[in-house]
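The figures that follow rest on heavy atoms only: side chains count, while hydrogens, waters and symmetry mates do not. Note that the structure is predicted; figures quoted are calculated from it, not measured. Heads up: numbering here begins at 1 and tracks the sequence.
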Amino acid sequence: MFRPFNFMKTIITIFLVVLTAVSFPAKAEAQDIHPEDILRAGAGDAQILMGEYFKPFSIGFGNGLNAGWFTSPKPHQKYGFDFRISATAALVPNHDMIFDVEELNLNELELVDGPRRTPTLFGQDITPASLGSYYTNPETGQTEELFSFEMPPGLDFRYVITPMAQLTLGLIYDTDVTFRFFPSSTFENDFNVNMWGFGIQHGINQWYNPTNDKLDLSIQIGYTKINSTVYFDVEPEFEPNTEDNNPPSTWENQNSNFNSDGLTVNLLAGRQFKYFTAYGGLGFQKSGISIDVNGTYPTVEPVDPSEYTPGGPTKKITPVTDPFEMELRNNIRPQLLLGGRMRFATITLSATYTLAQYQSLNVGFGLSFR
C-alpha cells in the first residue's frame, strides 16, 4: 500500500495560519484517516470518490472563509481600527454525512466488502466500504485481486471549524477596509502556506435622506484566498510477486498544492446602542477548493500477457506522473445573516448566524477603537 500524499497535513496547515488549535486535525490523526489511499483507484474513479468524500469540507470551509468580516452595520470612523480573532462552525447536514458508492458510476472499481453507503469526511465513524479491482493472473488463469483499499472513515464530528484573524481600518466617506494576511511560511520543512484576504464596507446612509437616521445601512464585500504546498517522499512498498524496475530518482520532487478561496457580498442593516449592536443582512457567497498532486508516484498494474514469463512476476510497479487534480466549486448561493456585538470599553464580543447552503455560527473576540 502506498500513500501519495497526506491531505490531513494540509488541513493542519490551514489552521496554523491563525495559530489556533482545534480538535479536528488531532482527531483525524488519531483515527488514522488517509484519504490519499483513494488514489489507488486511478484518475477517473479517484476524482469521483474524492469529490464525494470531501464535499462537506469544501462547502463548510468555504462558509468559514466568507464569515467574520464584520461585527456592525456601520463602518469604522476615520482612523478607527480593530483587531479580531474569530472561529466559524458550519453544521454538516445529514444528507452530506454519507454517500452510496454504487450510485457513482465508477469505471474500474467495485464494492468488495462492507456496506455500500460509506461516510464522508465529517460523517459518522462507521465501517466504511472496501473497493477494489481484479485481473486475470497469467500464471493460474484465475481472476484475482489486483488491489483493494478501504474508504477512509468519518471524523464523527459534524462541524467544519474555520478560525480566522483580521485587521480593520477606518477611512473617509464612511468606509473601512479589512485585511487578512499570513506571509509564505514553511513548517517542519515539509509544507508551506500563505494567505491573504481583502474586504471593504461602505455606509450608504450618506447617499440618501433616511426616515430613521438611527438605522445604519452598508454594503460589504470580502474575498479570501489560501495557498498551501505539502512536500513528501513516497516510494514503492514491497508487494509479493511484483516487479519494480524504476530507479530511486523516479520518486523525487513530489508535492501537493491545496488552494481555497471565498467571496461574499452583503447588504447590512442594524442599530447601535450604548453597549450593544444588533444587525442583519442579505447577500450571497461562493467558494471552492482545488488539490493538485505533482510528481511521479508508484502504482500497481498487471503484467501484460505478452510480456509474462512463466514463474515470474504477475504484477508490476508503474510510475504515474501528476496523477491527480481535483476542483470542487460551490456556486453562488444566497445567504441570510443575523448577529450582535457586545462592547466593553475597547473589548468586543460578537456572534453572527448565517443561513446559507450550510448553517454556520461565527463567534469572535476583538480590540476595537471605532
Side-chain angles (χ1 to χ4, degrees), residues 1 3 5-8 10-12 14 22-65 88-133 147-162 258 260 285 287-291 324 326-331 333 354-361:
M1 180 180 297
R3 306 191 185 284
F5 70 97
N6 192 333
F7 184 80
M8 300 314 298
T10 307
I11 296 178
I12 295 174
I14 301 304
V22 294
S23 62
F24 168 59
K27 188 170 184 179
E29 183 177 354
Q31 292 180 221
D32 196 30
I33 294 179
H34 295 283
E36 65 270 23
D37 285 341
I38 297 175
L39 287 174
R40 293 171 61 88
D45 286 349
Q47 183 168 352
I48 295 173
L49 291 170
M50 294 282 269
E52 291 296 320
Y53 186 72
F54 284 109
K55 177 182 176 182
F57 173 73
S58 172
I59 299 173
F61 190 64
N63 283 10
L65 292 183
T88 301
L91 176 65
V92 178
N94 289 331
H95 59 80
D96 279 348
M97 294 181 67
I98 199 167
F99 65 97
D100 192 327
V101 296
E102 293 194 344
E103 293 182 353
L104 299 182
N105 298 318
L106 299 173
N107 297 313
E108 304 293 337
L109 293 175
E110 56 185 276
L111 183 67
V112 298
D113 192 21
R116 56 185 287 178
R117 292 173 62 82
T118 193
T120 62
L121 175 59
F122 288 86
Q124 295 180 337
D125 185 15
I126 59 178
T127 301
S130 291
L131 304 175
S133 181
F147 70 86
S148 67
F149 65 93
E150 188 177 79
M151 287 292 295
L155 289 169
D156 200 15
F157 185 71
R158 296 186 60 178
Y159 298 93
V160 186
I161 307 296
T162 309
F258 172 94
S260 181
Q285 64 168 285
S287 61
I289 65 172
S290 64
I291 304 171
F324 191 80
M326 180 180 70
E327 185 171 16
L328 299 175
R329 303 303 305 179
N330 306 310
N331 296 326
R333 299 273 183 163
T354 302
L355 178 60
Q357 189 171 2
Y358 284 2
Q359 302 180 64
S360 64
L361 179 66

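The shortest distance between side-chain heavy atoms of Leu106 and Leu49 falls below 4.5 Å. At least one side-chain heavy atom of Glu150 sits under 4.5 Å from a side-chain heavy atom of Pro128. Residues Leu328 and Lys55 fail the side-chain proximity criterion, which asks for heavy atoms closer than 4.5 Å. With a 4.5 Å cut-off on side-chain heavy atoms, Leu111 and Leu131 count as touching. Counting only heavy atoms from C-beta outward, the side chains of Thr127 and Pro115 approach each other to under 4.5 Å. When side chains are defined from C-beta on, Phe61 does not count as touching Asn330, because their heavy atoms never get closer than 4.5 Å.
Using a distance-only test at 3.5 Å, with no hydrogens or angles considered, a donor-acceptor pair links the side chain of Arg158 to the main chain of Val92. The backbone N or O of Pro153 sits less than 3.5 Å from a side-chain atom of Tyr53, completing a donor-acceptor pair. For the pair Asp96 (side chain) and Pro56 (backbone), a donor-acceptor distance under 3.5 Å is absent. At distances below 3.5 Å, not a single donor-acceptor pair connects side-chain atoms of Asn107 with backbone N or O atoms of Asp45. Judged purely by atom type and a 3.5 angstrom limit, Ser360 has no side-chain atom pairing as donor or acceptor with the backbone of Thr88. Between the Asn63 side chain and the Ala90 main chain, no donor and acceptor come within less than 3.5 Å of each other. Under a 3.5 Å cut-off, the side chain of Ser260 and the backbone N or O of Gly288 do form a donor-acceptor pair.
Between Asp156 atom CG and Ile126 atom CD1 the span is 9.0 Å, to the nearest 0.5 Å. Between atom CZ of residue Arg333 and atom CD of residue Gln357 there is a gap of 4.0 Å, rounded to the nearest 0.5 Å. To the nearest 0.5 Å, atoms OG1 (Thr118) and CD1 (Ile98) are separated by 7.0 Å. Here CZ of Arg117 is found 11.5 Å from CE of Met97. Values are rounded to the nearest 0.5 Å.
Of all heavy-atom pairs between Ala356 and Gln285, the closest is CB-NE2, 3.7 Å. The shortest non-hydrogen separation linking Gly154 to Pro119 is N-CG, 3.6 Å.
A tilted orientation is assigned to the rings of Phe258 and Phe57, their planes being inclined by 30° to 60°.
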